[in-house]
Amino acid sequence: MEALTNLWGGFEVALRPNNLMYSFIGVFVGNLIGVLPGIGPLAAISMLLPITYGLDPTAALMMLAGIYYGAQYGGATTSILLNVPGVASHAVTCLDGHPMAKQGKAGQALFMAMFASFIGACVGIVIMVFFSPLIVDVALSFGPAEYFALMALGLIAASTLARGSPIKGVASVIIGLILGLVGTDVNTGMQRFAFDVPELTDGLSLVGIAMGLFGVSDILASVNRIGDSVISGKVTMKSLRPDKGDLKKSWGAIARGTGIGAFFGMLPGTGSAIASFMSYATEKRVSKTPERFGLGAIEGVAGPEASNNAAAQTAFIPTMTLGIPGDATMALMLGALIIHGIQPGPQMLTEHADVFWGLIASFWVGNLLLVLLNVPLIGLWVKMLTIPYRIIFPSVLFFIAIGVYSGNNNLFDVGVTLIAGVLGFAGARLGFEAAPLILGFVLGPLMEENFRRTLLLSRGDMAVFIERPIAGSITAATVALILWVLISRLRANRVRVPVPAAARAP
């Protein structure tokens, strides 16, 4: 009851006209930033942070938070329509969202993405309100050994993202891991695979790699396309509603994706990108028809979208209650708190209760504003597909280049994006999928860092990955998954091997 009372007080703060106005500005800017390829909430918050210095702390945080989760909504738009992930966490949405757009179901895909995002965000907020103390205890029980085991499980599961051969899926993961090693070693400060190129000392750009593998490669694959557009005709509100069968398939995906996102969001250092990839891998594993994934499965849109929005909400838990940011964007939010004289930590719930509960209440208000803002715009976004290819493809390349360049103000990143696009196009022709590579690129550096930290703490004793209960359980699940994949593969090969005629019984 105390939580409900505090939440009611938070709504009184969030619904003040001044705070409500800044919340709307935040979600509107965030939604726009998400639609524009490559810019992302990190760049937007960095640019707008100085504007908040003169604002009330609650209004400032509501606006910055609105930019953060507003971008989660908008990022799905370009992923579905143009196969260009507006935000890195939406790269996996391209796998089934864009094929749905090519099938004339762009409106349904956008509506389901928005609906799943809203449900995932709402559940994430409920978890924040009622289970924050418990979640903090769980997060504190995770050490480097647990993080390494969890990420190893994620990499093994990533091999299932590929539609074709699991061997090629594993190869894509390994390529991503190698690309993630480029840059400066965190522990020794030595340069690795930089080849004396100054631009490589900070590593390769995640946004550039993702936009090259999905956006540029798709443009290269469609460059000889004959035709004016993907769809034609009017887009009505009726056409936006998913089919009854699609809704039935999506409910389970939304529930599982929300749970996965809430879990990964509360763990410092993970973020919504990992959550969305794990959700997609889970949906493909539990589906009775996994061959549909990558060809326009509605679950491939609903699960990851619910997951990354739930993670975006629960990511505020370690940031505000422990002072531990989950990713770079949360680090900026942490800096905004400190700038306004608010010290993050357990005392924040008592010393700055109005700010804490007002911010949580604003999440609900902001997500409702996003729904009201996006539903009328779905028809407008779908109309983008009626633009002739000879106009839309150069425009997409232009926005990709601008988005990648704005990240570090460096033309080198634009070149990386172009090379990634060419390699992604060639890899797709050879059966190598982009999604496992991206996940390997994201998880590789984090996995290496936690592995080395674990060995330093255990003085080189590898048994720590088995002796610690949580790490041991996750390691056992990883081994079980590997064995299950091998057994399934052997059974499939045994079924396909024909029995020689001479060996058949008369």
Side-chain angles (χ1 to χ4, degrees), residues 1-28 30-31 52 55-70 72-73 114-139 254-255 258-259 261-262 265-266 306 309-323 330 333-334 336-337 340-375:
M1 287 299 295
E2 183 181 357
L4 291 176
T5 304
N6 292 330
L7 184 61
W8 181 256
F11 274 109
E12 292 180 354
V13 175
L15 293 176
R16 292 171 186 169
N18 185 58
N19 292 338
L20 190 61
M21 178 186 70
Y22 283 108
S23 179
F24 176 78
I25 293 173
V27 297
F28 179 80
N31 196 57
T52 66
L55 298 180
D56 176 77
T58 305
L61 292 173
M62 285 175 62
M63 186 178 77
L64 296 176
I67 294 173
Y68 178 60
Y69 55 79
Q72 302 297 328
Y73 273 73
M114 182 202 66
F115 179 73
S117 298
F118 181 73
I119 297 297
C122 287
V123 174
I125 298 167
V126 171
I127 292 173
M128 285 185 66
V129 173
F130 294 102
F131 301 103
S132 287
L134 178 61
I135 290 174
V136 169
D137 292 338
V138 173
I254 292 174
T258 300
M266 71 181 182
N309 278 272
Q313 303 299 330
T314 55
F316 282 89
I317 295 175
T319 302
M320 293 193 298
T321 59
L322 297 176
M330 284 293 103
M333 293 296 298
L334 187 68
L337 286 170
H340 287 279
I342 300 172
Q343 184 62 41
Q347 73 279 3
M348 184 178 173
L349 279 72
T350 55
E351 295 179 1
H352 302 282
D354 56 335
V355 176
F356 181 83
W357 291 105
L359 185 60
I360 289 181
S362 75
F363 294 161
W364 254 311
V365 175
N367 278 280
L368 183 59
L369 288 173
L370 281 167
V371 172
L372 298 176
L373 186 66
N374 277 274
V375 169

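When all heavy atoms of G261 and T314 are compared, the pair lying nearest together is O-OG1, 3.7 Å. Residues A14 and S362 come closest through the heavy atom pair CB-N, 3.9 Å. Closest of all the heavy-atom pairs between T258 and G120 is OG1-CA, 3.6 Å. Taking each heavy atom of Y68 and A312 in turn, the nearest pair found is CE2-O, 3.3 Å. Shortest non-hydrogen contact noted between L359 and A65 is CD1-CB, 4.0 Å.
A distance of 15.0 Å separates CH2 in W8 from CH2 in W357, rounded to the nearest 0.5 Å. A distance of 5.0 Å separates CD1 in I125 from CG in N367, rounded to the nearest 0.5 Å. Separating the CG atom in L368 from the CZ atom in F363 is a distance of 15.0 Å, to the nearest 0.5 Å. The distance from the OG1 atom of T58 to the OH atom of Y22 is 12.5 Å, given to the nearest 0.5 Å. Rounding to the nearest 0.5 Å gives a distance of 9.0 Å between CG of L15 and CG of N19. Note that CE of M62 and CD1 of I67 are 12.5 Å apart. Values are rounded to the nearest 0.5 Å.
Side-chain atoms of W364 and V126, non-hydrogen and from C-beta on, do get closer than 4.5 Å to each other.
Heavy atoms from other residues, nucleotides or ligands lying under 6.0 Å from CZ of F28 number 12 at most.
With hydrogens and angles ignored, the 3.5 Å screen pairs no side-chain donor or acceptor of S23 with any backbone N or O of L20.
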Test side-chain contact (heavy atoms from CB on, under 4.5 Å) applied to F24 and V365, step by step: CA-CA 9 Å; F24 176 78; V365 175; over 6 Å; no
